[in-house]
Amino acid sequence: MTILGTTRALDDTRGAVRVEDVFDTDIDDLWAACTEPERLARWIAEVSGDLREGGTAHAVFTSTWTGAVTIEVCEAPRHLLLTTAPGTDEEGQVEAWLTPEGDRTRLVVEERGLPVGALHFYGAGWQVHLEDLARSLATGGSAHPGGWSSEEAAPEWHARWQELTPAYEAAPQG
């Protein structure tokens, strides 16, 4: 089983997950998939609200996480920094970097501020999100053919997450 991510402790209670993959599309198309609401809804989340740098949006992820997201940095088409659950005890950051590699593009995503004891769950989740992104790009449509609702994550997403979680739990932290 290929693992796309690593986990590491930042301190005694909080940690980070970093996943990366190379996608068969150019940087502008991948940036659009990572920032345009209709494209995001195909693979990771429904978003609404103030979708500009400094703005706050509401996100509903296929992984079932729901909450506020502040857009801290939006430097098209290479860098995005979000604060999740701003102003709460669960506040964290999600950062993405896009780098062209010929006619393909590398995407690196790092989420920080996660509970150390649950990093393997988040690592598996982010890998499923990137796998869904690849499927969405390949098909030009939804990674989840049956769709998903805000009340329940797609069954395919959950099954793949369950499959990957033990591998992330067994992997050494970086």
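In what follows, every heavy atom counts, from backbone to side chain, and hydrogens, waters and symmetry copies are set aside. Note that the structure is predicted; figures quoted are calculated from it, not measured.
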- Provide the closest heavy-atom pair for G123 versus Y168 in the form atom of the first, atom of the second, distance. O-CZ, 3.5 Å

- Side chains of W97 and R78: closer than 4.5 Å at any heavy-atom pair? no

- Message: Taking the side chain as everything from C-beta on, heavy atoms only, tell me whether D29 gets closer than 4.5 Å to R39.
- Response: yes

- Message: Please evaluate residues V94 and W126 with respect to the criterion side-chain contact (heavy atoms from CB on, under 4.5 Å), reporting the C-alpha separation (whole Å), side-chain torsions for both, the decisive distance (0.1 Å), and the verdict.
- Response: CA-CA 11 Å; V94 176; W126 272 108; 4.0 Å; yes

- Query: Yes or no on side-chain contact (heavy atoms from CB on, under 4.5 Å) for R18 and V108, after CA distance, side-chain angles and deciding distance?
  - Reply: CA-CA 7 Å; R18 182 182 183 99; V108 177; 3.4 Å; yes

- Exercise: identify the closest heavy-atom pair between A68 and P86: O-CD, 3.4 Å

- Message: Has T70 got a side-chain atom pairing as donor or acceptor with E72's backbone, closer than 3.5 angstrom?
- Response: no

- OG1 of T84 to CZ of R112, rounded to nearest 0.5 Å, is 10.0 Å

- Message: Please find the pair of heavy atoms, one from V47 and one from A59, that lie closest to each other, and give the distance.
- Response: CG1-CB, 4.0 Å

- Task: Answer yes or no: is there a side-chain heavy-atom contact under 4.5 Å between H58 and T66?
- Result: yes

- Query: Could you go step by step and tell me if T56 and D50 meet the side-chain contact (heavy atoms from CB on, under 4.5 Å) rule?
  - Reply: CA-CA 5 Å; T56 298; D50 189 357; 5.6 Å; no

- Message: Determine whether a donor-acceptor pair (N or O, by modelled atom type, separation under 3.5 Å) exists between the side chain of E169 and the backbone of T165.
- Response: no

- Do any N or O atoms from the side chain of Y122 and from the backbone of P115 form a donor-acceptor pair under 3.5 angstrom? no

- At what distance, to the nearest 0.5 angstrom, does CG of L133 lie from SG of C34? 5.5 Å

- Item | V109 with I3, same ILVMFWY side-chain cluster at under 4.5 Å | yes

- Query: Is the backbone N or O of A33 less than 3.5 Å from a side-chain atom of W43, with the two atoms forming a donor-acceptor pair by type?
  - Reply: yes

- If you take all heavy atoms of T105 and D26, which pair is closest and at what distance? OG1-C, 3.0 Å

- Do L137 and T25 come within less than 4.5 Å of each other through their side chains, counting heavy atoms only? yes

- Item | Residue of the set L80, L81, L82 for which side chain to side chain contact (heavy atoms under 4.5 Å, CB included) holds with C74 | L80

- Query: Is D132 salt-bridged to R135, cutoff N-O under 4.0 Å?
  - Reply: yes

- Item | Check: F23 and S136 side chains under 4.5 Å, non-hydrogen atoms | no

- Would you check if R106 and E20 make a side-chain contact, meaning some heavy-atom pair closer than 4.5 Å? yes

- Query: Does a donor on one side chain and an acceptor on the other come within less than 3.5 Å for H79 and E95?
  - Reply: yes

- Query: So do the side chains of D12 and V116 get within less than 4.5 Å of each other, counting heavy atoms only?
  - Reply: no

- Do the side-chain N and O atoms of Q173 and R8 include a donor-acceptor pair separated by under 3.5 angstrom? no

- Message: I'd like to know if L4 and W161 are part of one continuous hydrophobic network [Ile/Leu/Val/Met/Phe/Trp/Tyr, side-chain heavy atoms within less than 4.5 Å].
- Response: yes

- Run the side-chain contact (heavy atoms from CB on, under 4.5 Å) check on M1 and L164 step by step: do they pass? CA-CA 8 Å; M1 178 176 303; L164 286 167; 3.3 Å; yes

- Item | Side-chain touch R160/E131, heavy atoms, less than 4.5 angstrom | yes

- Interatomic spacing from CG in L119 to CD in E111 - rounded to 0.5 Å: 9.5 Å

- Item | Value rounded to 0.5 Å, distance of CG in L114 from CG in L10 | 8.5 Å

- Starting at CH2 of W157, measure out to NE2 of H129 and round the result to the nearest 0.5 Å. 5.0 Å

- Message: Nearest 0.5 Å, please: how far is CG in L107 from CG in L30?
- Response: 5.5 Å

- Looking only at heavy atoms, which two atoms of E101 and V22 are closest? And how far apart? OE1-CG2, 3.7 Å

- Query: Of the non-hydrogen atoms in L98 and I27, which two are nearest, and what is the gap between them?
  - Reply: O-CD1, 3.7 Å

- Message: Looking at Q127 and T2, would you say the former's side chain and the latter's main chain have a donor-acceptor pair under 3.5 Å?
- Response: yes

